[in-house]
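Per chain, numbering begins at 1; letters A, B, ... match sequence-line order.
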Protein chains: 2
Amino acid sequence: MLSRASKYAILSTLYLAEHASKEKKMSVKSIANSINVPSPFLAKLFQQLVKCNIISSTKGPNGGFFLTEDNEKKTVIDIIEEIDGTNKIDDCFLGLAKCDGNNPCPVHFIVEPFKKKIFGKFRDQTIKEFANEVEAQGSVLFLSGLDKKK
Amino acid sequence: MLSRASKYAILSTLYLAEHASKEKKMSVKSIANSINVPSPFLAKLFQQLVKCNIISSTKGPNGGFFLTEDNEKKTVIDIIEEIDGTNKIDDCFLGLAKCDGNNPCPVHFIVEPFKKKIFGKFRDQTIKEFANEVEAQGSVLFLSGLDKKK
DNA sequence: TTAGTAAAAGACCTTTTTATCTTTTATTAT
DNA sequence: ATAATAAAAGATAAAAAGGTCTTTTACTAA
């Protein structure tokens, strides 16, 4: 549904929103270590996110990544569409090219309400709002020992 | 969430349950054509499904694939676990290695009820029951838009 | 018993995804 | 200025997923 790349991107952008600021920029390495993501891979993802104005960066000493107020207004869907090139959440769960209420796959009516919910959250909530909620709820952003096999 | 391989396997097994029988076995090619799946790839998947007794086959003229009564009692979860090597539906939506009510990822409480529902259906309903429902509801099993339906 | 059929087996190929490494460029503190 | 720092850029590599092809084996009907 989501690529590993977009999962990394979502988690690390939320992490930035929570922990970084214009005054306290963060390096790829420190973020990669914090959420347990391969740092050269994350560096590549961040390059892409900077280019499309989802996150910001400056080079040199005290440089690093952070979010501007503009960045904070982006959404998780923006991240997914940038990294995966499309919104795969919307694809049919069983792979049908054309799956809808009139032409439903065998699980369409189970999957549809879920998609509406998660899609709504990812589209209607800004990164900042999402990050605030994450903090308030004590949600976890660390992959920890993510299964690197499989 | 599901690999393409397991999607193919699920759809074609349901298709077999609906259209094949001990008296009317079906070839890989006819099934592959019907549901729009690459036939050499489906052949490989079917080999695997035969080996683990989810579907059955005989060689030679009038040979092909079909389901025994034993096969009909298998579940979609059996297919997924055989083809994907694990049940990826149960993985955390954002990739956390350990994601549960105490250690929730940012979307855990949205994803969890959906997983319960779809997992329940895939585990508690036999292939035969599922196929009957598919038939009754007129659900679609064809990957492409081309309606090959009756 | 033989010709034709269809699956089994296994080798092989391609593309995509994930991940790493090296060099260059921009920034800043001294 | 210069040395240190950290991201940008780009080349490369490893692994997984998806897909194809050829040969062998089993079965059946004429």
Side-chain angles (χ1 to χ4, degrees), chain A residues 1-9 11-12 16 20 22-33 35-67 80 82-86 88 91 95 143 146-150, chain B residues 1-9 11-12 16 20 22-33 35-67 80 83-86 88 91 95 143:
Chain A
M1 222 151 190
L2 294 179
S3 67
R4 221 181 259 193
S6 64
K7 288 173 187 172
Y8 292 170
L11 293 171
S12 48
L16 273 182
K22 216 164 291 185
E23 293 77 41
K24 192 185 148 212
K25 292 155 197 161
M26 305 193 77
S27 71
V28 174
K29 259 182 203 164
S30 77
I31 298 161
N33 281 335
I35 68 177
N36 284 98
V37 149
S39 77
F41 192 50
L42 186 59
K44 278 287 148 201
L45 294 174
F46 271 9
Q47 274 182 36
Q48 217 180 324
L49 294 178
V50 167
K51 255 191 212 154
C52 68
N53 197 36
I54 289 173
I55 66 176
S56 299
S57 69
T58 56
K59 298 181 182 180
N62 302 323
F65 297 91
F66 61 99
L67 302 189
I80 294 172
E82 174 63 29
I83 300 295
D84 286 345
T86 171
K88 282 189 214 152
D91 289 351
L143 288 171
L146 168 74
D147 267 334
K148 290 211 160 128
K149 57 156 192 183
K150 191 76 274 266
Chain B
M1 223 150 190
L2 293 180
S3 66
R4 216 179 269 193
S6 64
K7 289 172 186 171
Y8 291 169
L11 293 171
S12 47
L16 273 183
K22 218 165 290 185
E23 293 77 40
K24 193 184 148 212
K25 293 156 195 162
M26 306 193 75
S27 71
V28 173
K29 260 182 202 162
S30 76
I31 298 162
N33 281 335
I35 67 176
N36 283 99
V37 149
S39 77
F41 192 48
L42 187 59
K44 277 287 147 201
L45 295 174
F46 271 8
Q47 274 183 36
Q48 217 181 323
L49 294 178
V50 167
K51 257 192 213 155
C52 69
N53 197 35
I54 289 173
I55 67 177
S56 300
S57 69
T58 56
K59 297 181 181 179
N62 302 321
F65 296 91
F66 62 99
L67 302 189
I80 294 172
I83 300 295
D84 286 346
T86 171
K88 283 190 212 151
D91 289 352
L143 285 174

Quick one: label [X] by what it contacts on the DNA or RNA (base, sugar-phosphate, nothing), any heavy atom closer than 4.0 Å.
{"X": "F65(B)", "result": "sugar-phosphate"}
{"X": "A43(B)", "result": "nothing"}
{"X": "P40(A)", "result": "base"}
{"X": "S39(A)", "result": "nothing"}

Specify the separation, in whole Å, of atom [atom1] of [X] and atom [atom2] of [N].
{"X": "M26(B)", "N": "dA6(C)", "atom1": "CE", "atom2": "C1'", "value": "14 Å"}
{"X": "L2(B)", "N": "dA17(D)", "atom1": "CG", "atom2": "P", "value": "13 Å"}
{"X": "K25(A)", "N": "dA7(D)", "atom1": "NZ", "atom2": "C1'", "value": "12 Å"}
{"X": "K29(A)", "N": "dC21(C)", "atom1": "NZ", "atom2": "P", "value": "11 Å"}
{"X": "N33(B)", "N": "dA6(C)", "atom1": "CG", "atom2": "P", "value": "13 Å"}
{"X": "L16(A)", "N": "dA6(D)", "atom1": "CG", "atom2": "P", "value": "15 Å"}
{"X": "M1(A)", "N": "dT17(C)", "atom1": "CE", "atom2": "C1'", "value": "19 Å"}
{"X": "F41(A)", "N": "dA19(C)", "atom1": "CZ", "atom2": "C1'", "value": "7 Å"}

Base-contact (B) and sugar-phosphate-only (S) positions in nucleotides 9-14 of chain C, heavy-atom cut-off under 4.0 Å, - elsewhere: BB----

Identify, with sequence neighbours excluded, every residue that meets side-chain hydrogen bond (donor to acceptor under 3.5 Å, both in side chains) alongside S30(A). none

Taken in chain and number order and not counting sequence neighbours, the residues that satisfy side-chain hydrogen bond (donor to acceptor under 3.5 Å, both in side chains) with S39(B) are none

Side-chain contact test, heavy atoms from C-beta onward, threshold under 4.5 Å: evaluate it for L16(B) versus F46(B) and give yes or no. yes

Below 4.0 Å: OP1/OP2 of [N] and any side-chain N or O of [X]:
{"X": "Y8(B)", "N": "dG18(D)", "answer": "no"}
{"X": "R4(A)", "N": "dA19(C)", "answer": "yes"}
{"X": "N62(A)", "N": "dA29(C)", "answer": "yes"}

Look at the side chain of V28(A) and decide which nucleotide, out of dA7(D), dG19(D), dT5(C), has an atom nearest to it. dA7(D)

Which nucleotide in the set dG18(D), dA29(C), dT20(C) lies at the smallest distance from any side-chain heavy atom of A5(B)? dG18(D)

Check for a donor-acceptor pair, side chain of Q48(A) on one end and backbone N or O of E82(A) on the other, with a separation under 3.5 Å. yes

Using a 4.0 Å cut-off on heavy atoms, which residues in residues 53-60 of chain A reach DNA chain D? List them by number, or say none. S57(A), T58(A), K59(A), G60(A)

Hey, does the Lys NZ or Arg CZ of K22(A) hover above the aromatic six-ring of F66(A), less than 6.0 Å from the centre and inside 45° of the axis? no

Say you draw a straight line from CG of L2(A) to CD1 of I83(A); how long is it, rounded to the nearest 0.5 Å? 11.5 Å

Spacing of I31(A) atom CD1 and S12(A) atom OG [to the nearest 0.5 Å]: 6.5 Å

Looking at K88(A), I want to see if its NZ is surrounded by more than 12 non-hydrogen atoms of other residues, nucleotides or ligands under 6.0 Å. yes

Under 3.5 Å donor-acceptor pairs involving side-chain atoms of residues 51-64 of chain B, not counting sequence neighbours:
{"unit_1": "N53(B)", "atom_1": "OD1", "unit_2": "N71(B)", "atom_2": "ND2", "d": "3.3"}
{"unit_1": "N53(B)", "atom_1": "ND2", "unit_2": "D70(B)", "atom_2": "OD2", "d": "3.1"}
{"unit_1": "S56(B)", "atom_1": "OG", "unit_2": "N71(B)", "atom_2": "OD1", "d": "2.6"}

Excluding sequence neighbours, so at least two apart, what forms ring-ring contact (aromatic ring centres under 6.0 Å, His included) with F41(A)? Y8(A)

